[in-house]
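What follows is a single structure, written as structure tokens, with notes after it.
Counting begins at 1 with the first residue of the sequence. Any value given below was found using the heavy atoms of this structure, including those in side chains, with hydrogens, waters and symmetry copies removed.
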Amino acid sequence: VSCGGGSCQAPSELEVDPQSLMQLRQQSPGGSGERSCDLPTKACHMEEEAGCGLRGMSLHNTYAVHPGRGTACLNSSAPFYFRVKRGNPTKLLFVMEHGGACWDQASFDRDPFYGCKKEPGPGMWGGMMNHSHKDNPYHGYTIVSVPSCAGDLFAGNAHQPWGPGGSTVPQSGYNNTKAALEG
């Protein structure tokens with residue numbers, strides 16, 4: 001990922017949804033005056049590849065790990081993935097990102113800024129998640145970041161009738177979190 005000239009650009013072969021890339025490009029600079037630009041630079045599909053383990057990941061690269069296996073986001077066209085930034089394998093920071101909750105049609109329909117997120121966003125990579133600051137107490141840690149995109153506070157395992165035209169949407173936070181923990 002390149003952050004030159006105040007814009008973030010991902011390699012063309014990257015498997016990150018266009019909306020996440022657009023959101024990252026619109027992010028304002030972080031509190032330190034630096035732009036947080038750390039979209040996954042590599043993708044890994046756990047059901048298809050044996051190289052999704054930490055040992056197969058390059059140091060300080062960020063990976064979008066697609067676990068499959070019953071994971072999902074509320075927006076079924078945006079597959080669930082969690083992010084891994086490899087650092088020291090003996091030090092782990094496991095982050096469950098903010099994302100809100102949905103409990104009925106009205107909460108599902110709210111703007112994701114105030115309600116529940118329906119797909120993985122670009123992630124939070126400033127502050128304690130920034131590997132480049134030497135005085136960061138988590139400097140050099142391996143970071144696993146789990147996005148909240150199921151509207152269930154990481155605990156749901158149900159289908160709800162809130163989708164377009166009364167279709168059902170999955171609340172799979174339990175499976176999403178379990179996949180990240182077991183990944």
Side-chain angles (χ1 to χ4, degrees), residues 1-73 78-99 117 119-150 154 172-173 175-183:
V1 173
S2 165
C3 282
S7 67
C8 299
Q9 297 177 341
S12 59
E13 70 274 5
L14 182 61
E15 296 179 40
V16 174
D17 61 286
Q19 186 167 6
S20 291
L21 185 57
M22 182 181 73
Q23 288 172 349
L24 183 65
R25 287 181 175 150
Q26 294 172 349
Q27 274 185 338
S28 60
S32 66
E34 296 180 6
R35 190 174 235 356
S36 173
C37 183
D38 201 358
L39 272 177
T41 55
K42 300 181 185 255
C44 177
H45 297 266
M46 291 174 68
E47 292 182 335
E48 301 170 10
E49 302 168 31
C52 282
L54 192 58
R55 289 184 183 173
M57 295 181 177
S58 303
L59 192 61
H60 302 301
N61 280 331
T62 303
Y63 290 76
V65 180
H66 299 261
R69 300 184 316 219
T71 61
C73 292
F80 172 77
Y81 62 88
F82 60 94
R83 297 170 212 54
V84 177
K85 185 170 193 171
R86 180 163 183 235
N88 183 334
T90 65
K91 296 181 178 183
L92 175 67
L93 177 61
F94 190 87
V95 178
M96 299 170 83
E97 295 180 10
H98 63 87
K117 292 186 179 175
E119 56 194 50
M124 306 176 306
W125 295 103
M128 71 178 197
M129 306 278 275
N130 188 338
H131 266 202
S132 66
H133 288 286
K134 301 277 187 227
D135 52 346
N136 178 351
Y138 300 107
H139 174 77
Y141 276 53
T142 292
I143 300 172
V144 176
S145 179
V146 183
S148 175
C149 64
F154 301 100
S172 302
N175 290 336
N176 296 351
T177 305
K178 185 176 178 186
L181 287 168
E182 293 175 349

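- Taking C149 as the reference, C73, F80, P120, N176 meet the side-chain contact (heavy atoms from CB on, under 4.5 Å) condition, with sequence neighbours excluded.
- Annotation: side chain of V65 is in contact with side chain of M46 (closest heavy-atom distance under 4.5 Å).
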side-chain contact (heavy atoms from CB on, under 4.5 Å) between S58 and R86, worked out: CA-CA 7 Å; S58 303; R86 180 163 183 235; over 6 Å; no
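- Across all non-hydrogen atoms, the minimal contact from P67 to F82 is CG-CE2, 4.1 Å.
- In this pair, H66 and Y81 present their aromatic rings tilted. The plane angle is within the 30 to 60° band.
- The structure places CE of M128 at 11.0 Å from OH of Y141, a figure rounded to the nearest 0.5 Å.
- With sequence neighbours excluded, no residue forms a ring-ring contact (aromatic ring centres under 6.0 Å, His included) with F154.
- Counting all heavy atoms, side chain and backbone alike, T142 lies closest to G87 at OG1-N, 2.9 Å.
- Nearest heavy atom pair, residue K117 against residue H98, reads NZ-CE1, 2.9 Å.
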Candidate pair N175 and R69, rule side-chain contact (heavy atoms from CB on, under 4.5 Å), full reasoning: CA-CA 8 Å; N175 290 336; R69 300 184 316 219; over 6 Å; no
Got a list of side-chain donor-acceptor pairs under 3.5 Å for residues 88-96, not counting sequence neighbours?
{"unit_1": "N88", "atom_1": "OD1", "unit_2": "T90", "atom_2": "N", "d": "2.8"}
{"unit_1": "N88", "atom_1": "OD1", "unit_2": "T90", "atom_2": "OG1", "d": "2.7"}

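- Atom OG1 of T62 and atom NZ of K85 lie 4.5 Å apart (nearest 0.5 Å).
- In this structure, E119 and P147 have side chains that are not in contact, with every pair of non-hydrogen atoms separated by 4.5 Å or more.
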